[in-house]
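First the structure, in the form of structure tokens, and then the observations on it.
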Number of protein chains: 2
Amino acid sequence: MRVSREQAAKNREKIVEVASREFRDKGFDGIGVADLMKSAGLTHGGFYGHFASKDDLIAEACGTAMDHSTGKWAKLIETSPENALSLIVESYLSKAHRDDNANGCPMAALAPEIARQGNPVRERFTRGLRDSLDVLLEAMPSGRPGERRREATLATMAGLVGTLVLSRAVNDPDLAEEILAIGRARLGKDG
Amino acid sequence: MRVSREQAAKNREKIVEVASREFRDKGFDGIGVADLMKSAGLTHGGFYGHFASKDDLIAEACGTAMDHSTGKWAKLIETSPENALSLIVESYLSKAHRDDNANGCPMAALAPEIARQGNPVRERFTRGLRDSLDVLLEAMPSGRPGERRREATLATMAGLVGTLVLSRAVNDPDLAEEILAIGRARLGKDG
DNA sequence: ATTATCTATAGATCTATAGATAATGC
DNA sequence: ATTATCTATAGATCTATAGATAATGC
């Protein structure tokens with residue numbers, strides 16, 4: 001039943017990848033270690049050879065989810081630097097993103113739960129947020145003092161997260177769409 | 001062991017009040033029915049005389065938490081209508097609110113978890129959000145088209161929630177305070 | 001020989017229910 | 001007599017560990 005070191009490393013990556021999606025979809029308490037391992041094609045007991053605890057996996061899964069999300073933005077900026085902000089806002093506040101929690105922004109899916117986690121999780125998350133802010137800053141229109149640009153970046157990030165979070169929680173499709181649409185109109189043109 | 005109808009009604013209210021605080025503090029999965037009843041001064045088994053299920057309580061606790069939160073804003077508007085928006089933003093994005101999840105805004109504490117709940121919970125939440133938006137609209141500066149005012153209201157609400165949520169999730173106190181401060185500066189003066 | 005994974009299980013939860021108890025309200 | 005609450009427990013989780021197994025890597 002033993003596999004090669006290479007395969008073991010791949011198995012570990014697979015666990016993190018599955019977890020990062022399942023946690024965003026169901027929340028940290030909405031999915032157990034046994035089911036995560038099953039989704040990764042492994043058995044329950046093998047988990048603790050890769051991670052010290054579920055919390056340990058949560059920290060890593062949050063980190064990679066943030067990195068992945070930031071990577072998408074970086075790619076948009078690289079592709080078309082001139083209207084990057086507009087592209088980021090349009091995709092972030094799209095119906096597709098709203099309806100795909102599992103592959104979307106970990107902040108919108110998990111931020112309040114992360115706030116309740118221990119220091120290792122929050123530390124890893126904070127690093128991911130800093131990186132994400134650095135990337136978003138590049139997408140913000142220049143031609144203003146650096147301090148102002150930093151402010152606009154943070155305000156845009158908060159606006160994006162708040163908008164998506166409210167749109168998802170709401171039961172009425174019309175209200176959910178109105179929230180998204182207003183967010184797109186106001187955040188896409190900078191602050 | 002039986003109590004009067006009046007006392008039973010009070011007990012029910014107490015359960016909802018305790019639950020609305022504990023849920024905001026620990027999340028829906030972070031506190032069990034037995035512990036909630038203990039905090040309310042009752043025993044586990046008595047719960048199901050008052051509520052059909054934990055989900056049932058979640059819906060009601062979300063609703064009253066939203067109503068309570070909206071009531072605070074309404075009071076601020078009544079007290080000083082001229083600078084109500086600024087007062088709302090200052091209190092919402094205060095350190096005190098950030099550090100008191102249990103008595104604070106249920107959206108910032110629970111929105112992503114609410115999004116994963118069934119229709120009854122989300123319906124009750126949606127009603128609470130609509131009411132809250134109606135109240136916040138009154139605090140927005142007038143002197144502009146109604147449509148624009150509605151947009152500014154929704155954008156402000158999303159900005160408030162996103163700002164508080166990020167500030168709480170972050171591990172570094174300086175970054176957490178920077179996020180709050182920028183939110184206060186930008187949202188207090190309308191959009 | 002080492003070790004990645006497996007099976008099996010301990011021990012601690014959690015929601016919900018059954019049936020007993022005792023005070024209220026007719 | 002009704003009913004709000006209590007005790008006790010069923011049944012289903014969940015995290016984590018112990019010990020067996022079998023393939024890798026020396």
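Residue numbers start from 1 in every chain, and the chains themselves are labelled A, B, ... in the order their sequence lines are given, proteins ahead of strands. The figures here come from the full heavy-atom set of this structure, side chains too, leaving out hydrogens, waters and symmetry mates.
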Test item: R98(B) side-chain N/O and L164(B) main-chain N/O as donor-acceptor pair under 3.5 Å: no

Residues in contact with DNA chain C, drawn from residues 5-15 of chain A - heavy-atom cutoff 4.0 Å: A8(A), N11(A)

Donor-acceptor contact present, side-chain K95(A) to main-chain L180(A), <3.5 Å: no

Whole angstrom value for the distance that separates P of dT5(C) from CE of M37(A): 7 Å

F47(A) and its side chain to side chain contact (heavy atoms under 4.5 Å, CB included) partner, picked from L42(A), L57(A), L36(A): L57(A)

Every protein N/O lying under 3.5 Å from an N/O of nucleotides 15-19 of chain D:
| residue | atom | partner | partner atom | Å |
| --- | --- | --- | --- | --- |
| dT15(D) | OP1 | K54(A) | NZ | 2.7 |
| dT15(D) | OP2 | V33(A) | N | 2.8 |
| dA16(D) | OP2 | Y48(A) | OH | 3.0 |
| dA16(D) | OP2 | K54(A) | N | 3.0 |
| dA16(D) | N7 | H44(A) | NE2 | 3.4 |
| dA16(D) | N6 | H44(A) | ND1 | 3.4 |

Residues R124(A) and D67(A) bridged, charged N to O under 4.0 Å: yes

Nucleotide opposite dT17(D) in a Watson-Crick or G-U pair, distances under 3.5 Å: dA8(C)

Test item: R127(B) side-chain N/O and G63(B) main-chain N/O as donor-acceptor pair under 3.5 Å: no

Side-chain touch T163(B)/R186(B), heavy atoms, less than 4.5 angstrom: no

Sole residue of H50(A), E60(A), Q7(A) in side-chain hydrogen bond (donor to acceptor under 3.5 Å, both in side chains) with R12(A): E60(A)

Electrostatic pair E113(A)-R24(A), nearest N-O below 4.0 angstrom: no

Salt-bridge criterion met for E17(B) and R21(B) (N-O under 4.0 Å): yes

Minimal non-hydrogen separation, M37(B) against T43(B), with atom names: CE-O, 3.2 Å

H44(B), NE2: over 12 other non-hydrogen atoms inside 6.0 angstrom: yes

Residue matched to dT24(D) through Watson-Crick or wobble contacts both under 3.5 angstrom: dA1(C)

Separation of atom CG in D35(A) from atom P in dA12(D), rounded to whole Å: 15 Å

Write down the protein N/O and nucleotide N/O pairs, taken from nucleotides 20-23 of chain D, whose separation is under 3.5 Å; answer none if there are no such pairs.
| residue | atom | partner | partner atom | Å |
| --- | --- | --- | --- | --- |
| dA22(D) | O4' | M1(A) | N | 3.2 |

Distance, rounded to the nearest Å, where D29(B) contributes CG and dT13(D) contributes C1': 12 Å

